[in-house]
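Have a look at the structure below before the remarks.
Numbering starts at 1 and runs along the sequence shown.
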Amino acid sequence: MTQSKIKPRIWIINQFGNTPDVPGHIRQYEFGQFLVQQGCEVEVFASDYNLTQRKYRKLKFPQLWQKEDLKGLNWHRLYATSYKVNNWQRYVNMLSFCITFFFEGLFTPKP
């Protein structure tokens with residue numbers, strides 16, 4: 001009798017996480033890739049709005065999220081409103097990311 005091994009499922013949530021193809025830190029990407037190599041199923045949730053460039057990278061209106069497989073790492077690009085300076089629009093940006101994350105999380109296998 002063989003015993004099936006369940007893969008650990010991990011969620012990494014960072015609004016400002018980046019993949020190697022865009023400017024900014026890629027800590028979540030590197031950590032996620034490490035966990036995938038260890039046999040984990042990893043979902044990363046990050047905003048598609050790139051903070052360094054102040055623009056959206058992949059999503060096209062009215063798209064709210066997009067999932068991409070990056071060498072076994074499930075990368076979820078989520079919509080968040082844009083902002084240019086740290087004023088009330090930044091709070092709207094954070095809130096919109098949380099709302100989009102909530103709805104995308106409803107359709108993603110739980111950790």
Side-chain angles (χ1 to χ4, degrees):
M1 183 165 138
T2 61
Q3 201 174 32
S4 64
K5 186 176 180 183
I6 298 174
K7 288 175 105 175
R9 183 176 293 132
I10 299 168
W11 283 12
I12 299 172
I13 307 158
N14 184 329
Q15 181 175 352
F16 302 112
N18 293 308
T19 54
D21 61 327
V22 297
H25 71 84
I26 60 169
R27 285 184 288 272
Q28 287 72 33
Y29 174 83
E30 291 174 337
F31 185 52
Q33 285 295 345
F34 171 78
L35 291 171
V36 167
Q37 291 169 3
Q38 304 308 306
C40 299
E41 186 177 323
V42 183
E43 311 281 340
V44 178
F45 299 88
S47 172
D48 185 54
Y49 184 71
N50 184 270
L51 190 60
T52 304
Q53 296 179 322
R54 303 279 189 205
K55 69 178 189 176
Y56 296 97
R57 301 293 304 175
K58 306 262 182 172
L59 297 179
K60 303 293 180 213
F61 183 81
Q63 199 175 15
L64 296 178
W65 58 74
Q66 175 187 78
K67 181 179 172 184
E68 185 176 353
D69 183 337
L70 303 173
K71 300 177 190 170
L73 176 63
N74 297 312
W75 195 274
H76 299 258
R77 299 176 194 283
L78 306 179
Y79 173 80
T81 60
S82 62
Y83 72 97
K84 300 219 183 292
V85 296
N86 289 334
N87 59 15
W88 62 271
Q89 291 175 329
R90 183 173 180 212
Y91 295 107
V92 175
N93 169 271
M94 289 185 249
L95 180 61
S96 65
F97 175 80
C98 291
I99 291 169
T100 308
F101 168 67
F102 172 78
F103 286 109
E104 173 69 351
L106 289 176
F107 302 103
T108 304
K110 305 303 178 258

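- Between T19 and I26, the closest side-chain pair of non-hydrogen atoms is not below 4.5 Å.
- Side-chain contact check for Q15 and N93: at least one donor-acceptor pair (N or O, by modelled atom type) lies under 3.5 Å.
- The heavy-atom pair separating N50 from P23 by the smallest distance is ND2-O, 3.2 Å.
- With rounding to the nearest 0.5 angstrom, the OG1 atom of T81 is 12.0 Å from the CZ atom of R90.
- Two different hydrophobic clusters hold W75 and I13 under the rule that ILVMFWY side chains link at heavy-atom gaps under 4.5 Å.
- Considering all non-hydrogen atoms of both residues, C40 and I10 come closest at SG-CD1, 3.8 Å.
- The two residues A80 and S96 make their nearest non-hydrogen contact at CA-OG, 3.3 Å.
- A salt bridge links E41 with R9: the closest approach of a Lys/Arg side-chain nitrogen to an acidic carboxylate oxygen falls below 4.0 angstrom.
- Hydrophobic clustering places F34 together with V36 (ILVMFWY residues linked when any side-chain heavy atoms are closer than 4.5 Å, directly or through intermediates).
- Counted within 6.0 Å of OH on Y83, heavy atoms from surrounding residues, nucleotides or ligands total more than 12; the atom is thus considered enclosed.
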Report the C-alpha distance between R77 and E68 in whole Å, list the side-chain angles of each, state the deciding distance to 0.1 Å, and finish with yes or no for salt bridge (charged side-chain N to carboxylate O under 4.0 Å, His left out). CA-CA 8 Å; R77 299 176 194 283; E68 185 176 353; 2.8 Å; yes
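- Checked by atom type and distance alone, the side chain of K110 pairs as donor or acceptor with a backbone atom of T108 at under 3.5 Å.
- Remark: K71 NZ is loosely packed, at most 12 non-hydrogen atoms of other residues, nucleotides or ligands lying under 6.0 Å away.
- Put simply, the side chain of Q33 gets close to the backbone of L70: a donor and an acceptor are under 3.5 Å apart.
- Two different hydrophobic clusters hold V85 and Y91 under the rule that ILVMFWY side chains link at heavy-atom gaps under 4.5 Å.
- No continuous path of hydrophobic side-chain contacts links Y29 to W11 [ILVMFWY only; heavy atoms under 4.5 Å].
- Under a hydrophobic clustering in which Ile, Leu, Val, Met, Phe, Trp and Tyr are joined whenever their side-chain heavy atoms come within less than 4.5 Å, directly or via other members, F107 and L59 fall into the same cluster.
- Summarising the geometry, atom CG belonging to N14 is positioned 7.5 Å from atom CZ belonging to F97; distances are rounded to the nearest 0.5 Å.
- The minimum heavy-atom distance between R54 and L51, with the atom names listed, is NH1-CD1, 2.9 Å.
- Under the ring pair (Phe, Tyr, Trp, His ring centres under 6.0 Å) test applied with H76, the options F103, F45, W65 reduce to a single match, F45.
- Salt-bridge check for K58 with D21: passed, with a basic side-chain N closer than 4.0 Å to an acidic carboxylate O.
- Between the side chains of N74 and D69, no donor-acceptor pair is found at a separation under 3.5 Å.
- A donor-acceptor contact shorter than 3.5 Å is absent between the side chain of E104 and the backbone of F101.
- Looking at Y49, F61, Y56 one by one, the single match for side chain to side chain contact (heavy atoms under 4.5 Å, CB included) with Y79 turns out to be Y56.
- Scanning all heavy atoms of the two residues, the minimum distance from N18 to H25 falls at CB-O, 3.2 Å.
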I'd like to know whether L78 forms a side chain to side chain contact (heavy atoms under 4.5 Å, CB included) with L64, so could you lay out the CA-CA distance, the side-chain angles of the two residues, the decisive distance to 0.1 Å, and finally the verdict. CA-CA 6 Å; L78 306 179; L64 296 178; over 6 Å; no
Evaluate side chain to side chain contact (heavy atoms under 4.5 Å, CB included) for L73 paired with V44, printing each intermediate quantity in order. CA-CA 8 Å; L73 176 63; V44 178; 3.7 Å; yes
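- Residue P8 comes nearest to G39 through the heavy atom pair CD-O, 3.9 Å, listed as atom of the first residue, atom of the second, then distance.
- Atoms CD1 and CD, from I12 and E43 in turn, are 10.0 Å apart once rounded to the nearest 0.5 Å.
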